[in-house]
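Bear in mind that the values here come from a model prediction, so they are computed numbers and not experimental data.
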Amino acid sequence: MLLTYRALKRRALARSLRITTPNGVDESSYVRIGGLDQWISVRGEDRSNPVLLELHGGPGASNSIFTPRTRAWERHFTIVRWDMRGAGRTFAAHGPAGQGELTLDRLYADALEVTDHIRARLGVPKVVLLANSFGTVTGLRLARDHPERYSAYVGTDQNIIAGGTDSSAYDDLLARLRGAGKRRQLSRLTAMGPDPTSWSPEEWSCYARTVTTTDPLTYDTMKTVVIRSLWFSPLHTLRDLRAYLKGMTFSEQLGPQAMSLDEYAEGTTFHLPVFLFQGASDALTPPEPARRFHDHLTAPLKDFALIPDASHFAAFRRPDVFLELLVGRVRPVVTGVGVGG
């Protein structure tokens, strides 16, 4: 009965994803990136719309499962979704032994190749860079370094890593565990210590999992948004979903690599518009560090907004609100339509 309901739901969602507009685009294929065939999809109802390239989080968590939830975005933007090495169909095609080098520098180089491939494929000089969660680690570096490729940077679930000096989110987690009487989890997290630069991949994953499962709003989002999107995705078979989850486990090794970064030392000067849209109640990447970074940075234009009733995965829990922000604040800036009057 459960599988029958899943099949019916997936069929209905597949119908809703059809793009029939004359100037629309719906393409997906493997593209040779960094010496590896990597999966890229391009969807939108009008090729003349701004192109928006996503950098997914996880690490290893492709955003393709959210395609039905973000269907309305495709009326205003051409959405490019890329399964990075270690994620989704890219991981499934090559297995753990075939992913090659899995480092932040390698993902950065891959992202530049994907950007240039999309610019050439769609015939656009620049694209909007939209990064979420762990993808924002690479996203900020790209935005700093390559304003010639990107018309704007949009970060959501934005990580602001300060070289292990900011323990506020860790402290909040310990307080929540104490209040809930969760002694075993409290003991393990206390033993790990507040400095994420010393954590192993397993400890980094343990921290993220504990935050997710002990914060009520984040946990509700995991169940009602993430898990449901996985289970009912019309773009994924059950075998695809198994590979999806294995890719996330495989990619955990990237987590600790990022913890020694210091975004302030990397630079707070950007030569493109910067938008940070954060879940108002995000427990995993709290809005306060993102707001402080926004206040410190210099850019031709910068904007910050809180998304209500949202923790982590804010863009996918509230895709309607996120679209309002994209259309009302980002799109006029990158198109020049509606700016200045």
Side-chain angles (χ1 to χ4, degrees), residues 56-62 65 84-88 91 96 99 102-104 107 132-138 157-227 229-230 241-263 279 281-290 311-314 316-317:
H56 65 70
S62 163
I65 62 169
M84 301 177 186
R85 62 179 71 219
F91 176 80
Q99 300 302 306
L102 193 66
T103 65
L104 291 177
L107 293 187
N132 69 279
S133 195
F134 196 79
T136 64
V137 176
T138 299
D157 302 337
Q158 179 70 53
N159 278 277
I160 301 298
I161 302 170
T165 61
D166 183 1
S167 65
S168 57
Y170 172 85
D171 295 337
D172 289 344
L173 174 58
L174 292 194
R176 190 160 63 248
L177 294 175
R178 287 192 195 95
K182 295 184 178 296
R183 298 179 186 175
R184 182 177 300 177
Q185 289 173 304
L186 178 62
S187 176
R188 180 168 186 185
L189 269 293
T190 301
M192 285 166 49
D195 181 6
T197 64
S198 67
W199 293 348
S200 67
E202 293 76 20
E203 288 172 329
W204 181 86
S205 177
C206 172
Y207 171 80
R209 185 170 57 252
T210 305
V211 173
T212 300
T213 56
T214 59
D215 175 67
L217 185 55
T218 309
Y219 188 50
D220 179 74
T221 304
M222 279 295 299
K223 291 188 298 182
T224 61
V225 175
V226 180
I227 300 303
S229 295
L230 270 167
L241 296 185
R242 284 193 292 270
Y244 184 103
L245 296 174
K246 288 179 180 178
M248 289 185 64
T249 300
F250 173 80
S251 296
E252 286 175 357
Q253 59 190 284
L254 285 165
Q257 293 182 29
M259 294 300 101
S260 60
L261 294 176
D262 184 335
E263 299 296 356
S281 303
D282 194 335
L284 191 58
T285 52
E288 291 79 10
S311 179
H312 210 62
F313 311 104
F316 305 119
R317 182 179 178 92

Open item on the list: Could you walk me through whether Asp220 and Arg317 satisfy the side-chain contact (heavy atoms from CB on, under 4.5 Å) test, starting with their C-alpha distance in whole Å, then the side-chain angles of each, then the deciding distance to 0.1 Å, before giving a yes or no?
Closed with: CA-CA 10 Å; Asp220 179 74; Arg317 182 179 178 92; 3.0 Å; yes
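- Separating the OG atom in Ser167 from the CG atom in Asp172 is a distance of 9.0 Å, to the nearest 0.5 Å.
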Open item on the list: Assess the residue pair Asp157 and Leu284 against the criterion (side-chain contact (heavy atoms from CB on, under 4.5 Å)); give the C-alpha distance rounded to whole Å, side-chain angles, the decisive distance to 0.1 Å, and a yes or no.
Closed with: CA-CA 8 Å; Asp157 302 337; Leu284 191 58; over 6 Å; no
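- Listed by chain and residue number, nothing satisfies the ring-ring contact (aromatic ring centres under 6.0 Å, His included) test with Tyr170 (two or more places apart in sequence, or in another chain).
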For residues 189-198, tabulate all N or O donor-acceptor pairs below 3.5 Å that involve a side-chain atom, not counting sequence neighbours.
from: Thr190; atom 1: OG1; to: Leu186; atom 2: O; distance (Å): 2.7
from: Asp195; atom 1: OD1; to: Thr197; atom 2: N; distance (Å): 3.0
from: Asp195; atom 1: OD1; to: Thr197; atom 2: OG1; distance (Å): 2.6
from: Asp195; atom 1: OD2; to: Thr197; atom 2: OG1; distance (Å): 2.8
from: Ser198; atom 1: OG; to: Asp195; atom 2: O; distance (Å): 2.9

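- Interatomic distance, CG of Asp166 versus CD of Glu288, reported as 9.5 Å (0.5 Å rounding).
- Of all non-hydrogen atoms in Pro286 and Ala169, the two that sit nearest each other are CG-CB, 3.9 Å.
- Within the model, atoms OH of Tyr207 and OG1 of Thr212 stand 9.5 Å from one another, a figure rounded to the nearest 0.5 Å.
- For the residue pair Ile65 and Ser229, the shortest heavy atom distance occurs at O-CB, 3.6 Å.
- Residue pairs meeting the salt bridge (charged side-chain N to carboxylate O under 4.0 Å, His left out) criterion with at least one member in residues 199-216: none, sequence neighbours excluded.
- Proximity of a side-chain donor or acceptor of His56 to a complementary backbone N or O of Met84 within less than 3.5 Å is detected.
- In this structure, OG in Ser62 is found 9.5 Å from CG in Leu230, a value given to the nearest 0.5 Å.
- Residues that satisfy the side-chain hydrogen bond (donor to acceptor under 3.5 Å, both in side chains) test with Gln99, not counting sequence neighbours, are absent from this structure.
- Between the side chain of Ser251 and the backbone N or O of Gly86 there is at least one donor-acceptor pair closer than 3.5 Å.
- Contact record, Gln253 with Gln257: O-NE2, 3.5 Å, taken as the closest heavy-atom pair.
- In this structure, Ser311 contributes its side chain and Ser281 its backbone to a donor-acceptor pair below 3.5 Å.
- Between Asp282 atom CG and Phe313 atom CZ the span is 9.0 Å, to the nearest 0.5 Å.
- By the ring-ring contact (aromatic ring centres under 6.0 Å, His included) test, Phe91 is found to be paired with Phe250, residues two or more places apart in sequence or in another chain being considered.
- For the residue pair Gln158 and Thr285, the shortest heavy atom distance occurs at O-CB, 3.5 Å.
- Between Ala258 and Val137, the closest heavy-atom pair is CB-CG1, 4.0 Å.
- In this structure, a donor-acceptor pair under 3.5 Å is present between the side chains of His312 and Ser133.
- Going from atom CZ of Arg176 over to atom CG of Asp171 covers 11.5 Å, rounded to the nearest 0.5 Å.
- For the side-chain hydrogen bond (donor to acceptor under 3.5 Å, both in side chains) test, no residue two or more places apart in sequence or in another chain qualifies with Asp262.
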Open item on the list: Working note: Arg188 + Cys206, criterion side-chain contact (heavy atoms from CB on, under 4.5 Å); need CA distance, chi angles, decisive distance, verdict.
Closed with: CA-CA 9 Å; Arg188 180 168 186 185; Cys206 172; 3.7 Å; yes
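- Taking both residues in full, the closest heavy atoms of Leu104 and Leu254 are given as N-CD2, 3.9 Å, listed atom of the first, atom of the second, then distance.
- Residues Thr210 and Lys182 have side chains not in contact (no heavy-atom distance under 4.5 Å, counting atoms from C-beta outward).
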